[in-house]
Amino acid sequence: MTATLITNIGELTTNAAADGDPLGTLHDAAVLIVGDRIAWVGPASAAHAAAALHRESASRGRERGNDPASRPPVEPSREEGFEVVDAGGRAVIPGFVDSHTHLVFGGERADEFEARMTGTPYAAGGIRRTVAATRAASDDELRARLRGFVAELHAQGTTTFEIKTGYGLTVADEERLARLAAEVTPEVTFLGAHVVPAEYGERREEYVDLVCDAMLHACAPHSRWIDVFCERGAFTPKESRRILAAGVAHGLAPRVHGNQLGPGEGARLAVELGAASVDHCTYLTDADVAALAGSSTVATLLPGVEFSTRQPYPDARRLIDAGVTVALASDCNPGSSFTSSMPLMIALAVREMGMTPAEAVWAATAGGAQALRRDDVGALAPGMRADLVMLDAPTRVHLAYRPGVPLVHTVWTGGAAA
Ligand code: NIG
Ligand code: FE
């Protein structure tokens with residue numbers, strides 16, 4: 001098992017709340033990674049003592065023999081040395097958790113973006129163009145594209161990410177999108193209910209039947225979540241409720257696209273069903289906010305969409321002040337938000353949505369983890385996955401303070417540096 005000691009960290013964001021600081025900030029800190037987990041977090045002055053302690057417990061474990069319960073946390077061959085990384089006073093944060101992406105698709109829609117920038121409004125119908133391009137692409141083409149996006153995410157500090165289907169919209173195409181997504185993440189969401197595909201015309205009910213039956217059957221084995229685009233131009237609240245209930249009956253957990261293009265019932269439906277998250281939340285009534293505040297449903301805000309569609313940004317301040325848990329995600333997709341940059345989401349949330357830099361960093365890490373109901377990522381504490389980002393900056397504030405500048409220095413995913 002490999003072991004790495006990262007020391008001389010100028011500012012460490014642990015997200016292990018302490019002394020009224022939800023981000024559990026430590027200065028002059030160190031982190032010890034053993035295998036794929038965090039083994040210890042503390043002051044840099046105690047780092048070598050902590051590492052020595054682990055070495056000792058490793059060799060004690062070896063003397064105790066082969067009982068798996070007492071197996072040493074460090075391989076004998078590594079006993080003499082931990083790899084030591086000197087952070088040089090840089091900031092270290094948990095890896096970003098991007099809880100909302102649509103990364104498996106064919107084609108692009110730069111022409112739509114260009115038209116929007118001269119006044120054409122965004123509409124859900126553009127999804128059908130990507131559906132046509134996705135159906136025309138081979139598995140290998142989609143896979144190569146997907147792997148490129150995954151590399152792009154990692155390079156920007158994202159270590160956990162969700163991927164939705166939704167650009168296939170036939171049983172066979174949705175199945176292959178779910179299968180391809182499952183090759184790169186355990187967080188796969190079945191989104192057969194993205195829009196009613198063109199070939200169904202007015203036969204909406206038939207398509208909803210298909211989603212709830214054959215398509216769900218084909219996709220559920222590759223998926224953890226079910227989602228529905230509950231919005232004018234996509235699916236009604238009644239259809240959405242039926243689709244989500246079918247998914248839940250199949251063992252999938254619900255999440256909802258809601259309140260993106262106008263007011264609607266998406267947020268309240270998500271709360272009613274105990275969904276992990278309702279995503280977009282651009283148009284919320286006071287009743288929606290109150291319902292979210294009294295629930296375990298996370299409001300996931302996707303500012304890349306408002307940036308790319310020239311819509312008003314969601315009011316994060318209002319949500320946080322009401323006690324709602326807020327996450328930030330990229331919504332990376334070729335229509336409404338063709339960016340995978342979590343640092344950009346943080347900068348937009350701070351500049352345009354009333355979030356403090358600390359709130360935005362929390363929402364892009366711990367908030368995303370909560371939106372995916374994951375308790376092993378999004379924070380840096382003993383036992384958590386060793387997913388960390390070292391910034392080429394002395395503080396996390398620089399993520400918003402230096403927008404557009406690539407500040408990711410090193411990313412550790414499951415303890416491995418890249
Ligand atoms: O999350 N809202 C629905 N789906 C995507 C848009 C997809 C597209 O335009 O291709 C979204 O914004
Ligand atoms: Fe989306």
Side-chain angles (χ1 to χ4, degrees), residues 98-116 120-135 137 142 145 149 161-169 173-174 177 181 187-198 211 225-236 239-240 243 254-262 264 266-267 269-270 275-283 298-314 327-340 342 345 348 368 371-372:
D98 190 349
S99 60
H100 183 144
T101 83
H102 305 247
L103 291 178
V104 206
F105 60 85
E108 296 192 353
R109 284 153 46 202
D111 53 345
E112 273 179 34
F113 176 81
E114 192 175 29
R116 278 202 300 276
T120 309
Y122 174 80
I127 293 168
R128 295 198 183 96
R129 290 180 66 199
T130 300
V131 169
T134 304
R135 288 177 182 174
L142 292 175
R145 194 96 189 279
F149 287 131
F161 51 91
E162 178 261 18
I163 300 181
K164 299 174 198 301
T165 70
Y167 289 121
L169 310 187
D173 284 302
E174 284 294 299
L177 300 195
E187 305 296 345
V188 177
T189 301
F190 168 49
L191 180 61
H194 202 182
V195 285
V196 176
V211 171
W225 304 97
I226 180 151
D227 194 349
V228 56
F229 187 12
C230 179
E231 197 82 39
R232 185 166 307 154
F235 292 86
T236 66
E239 291 164 342
S240 302
I243 291 160
R255 44 202 318 109
V256 179
H257 274 75
N259 308 71
Q260 173 187 359
L261 303 173
L269 179 63
S277 172
V278 54
D279 301 39
H280 287 286
C281 294
T282 310
Y283 294 90
V298 173
T300 300
L301 309 182
L302 310 166
V305 173
E306 283 73 32
F307 179 85
S308 304
T309 60
R310 285 224 171 121
Q311 294 284 307
Y313 287 92
L328 289 169
S330 73
D331 197 8
C332 186
N333 76 79
S336 63
S337 178
F338 200 10
T339 173
S340 55
M342 292 297 277
M345 300 310 122
L348 291 174
L372 292 174

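We use all heavy atoms of the structure for the numbers below, so side chains are in, but hydrogens, waters and symmetry mates are not. As the structure lists them, so they are numbered: ligands from 1, and atoms in each ligand from 1.
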[X] heavy atoms, cut-off 4.0 Å: which ligand 1 atoms fall inside?
| X | value |
| --- | --- |
| D331 | 1 (O), 11 (C), 12 (O) |
| Y122 | 6 (C), 7 (C), 8 (C), 9 (O) |
| H100 | 1 (O) |
| H257 | 1 (O), 2 (N), 3 (C), 4 (N) |
| H194 | 3 (C), 4 (N), 5 (C), 7 (C) |

Note to self: Before moving on, can you tell me the angle at the Fe ion (ligand 2) between the OD1 atom of D331 and the NE2 atom of H102, to the nearest 10 degrees?
What the structure shows: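 It rounds to 80°.
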
Next item on the list: Quick one: closest heavy-atom pair of I243 and I226, and the distance?
Entry: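 Looks like O-CD1, 3.6 Å.
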
Note to self: If I compare all heavy atoms of E231 with all of N259, which pair ends up nearest, and what's the gap?
What the structure shows: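 What the structure gives for the nearest pair is OE1-N, 3.4 Å.
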
Notebook entry, point to check: Distance from L103 atom CG to D98 atom CG, nearest 0.5 Å?
Noted result: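 Answer for the CG-CG pair, L103 versus D98, is 7.5 Å.
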
Check: Between OG of S340 and CG of D331, what distance do you get to the nearest 0.5 Å?
Finding: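 Rounded to the nearest 0.5 Å, the OG-CG separation comes out at 12.0 Å.
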
Notebook entry, point to check: Which pairs pass side-chain hydrogen bond (donor to acceptor under 3.5 Å, both in side chains) with one or both residues in residues 298-310, sequence neighbours excluded?
Noted result: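 The answer is S277-T300, T282-E306.
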
Notebook entry, point to check: Between the side chain of E174 and the main-chain N/O of G168, is any donor-acceptor distance below 3.5 Å?
Noted result: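 Such a contact is found between E174 side chain and G168 backbone.
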
Check: Under 3.5 Å, side chain of R128 to main-chain N/O of V195, donor-acceptor pair present?
Finding: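 Side chain of R128 to backbone of V195: no pair is present.
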
Which residue and atom name correspond to the protein heavy atom nearest [atom], and how close is it?
| atom | answer |
| --- | --- |
| atom 7 (C) of ligand 1 | Y167 OH, 3.1 Å |
| atom 2 (N) of ligand 1 | Q260 OE1, 2.9 Å |
| atom 12 (O) of ligand 1 | S336 OG, 2.5 Å |

Note to self: Measuring from non-hydrogen atoms of E231 to any atom of ligand 1, is the shortest distance under 4.0 Å?
What the structure shows: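 Contact check E231 vs ligand 1: negative.
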
Notebook entry, point to check: Does F105 have a heavy atom less than 4.0 Å from any atom of ligand 1?
Noted result: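 Heavy atoms of F105 never come under 4.0 Å of ligand 1.
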
Notebook entry, point to check: With distance as the sole criterion, is a donor-acceptor pair present between the side chains of H100 and H257 under 3.5 Å?
Noted result: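 Yes, side-chain donor-acceptor contact under 3.5 Å.
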
Next item on the list: Restricting to N/O/S, name the atom of H100 that gets closest to the Fe ion (ligand 2).
Entry: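 Of all N, O or S atoms in H100, the Fe ion (ligand 2) lies closest to NE2.
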
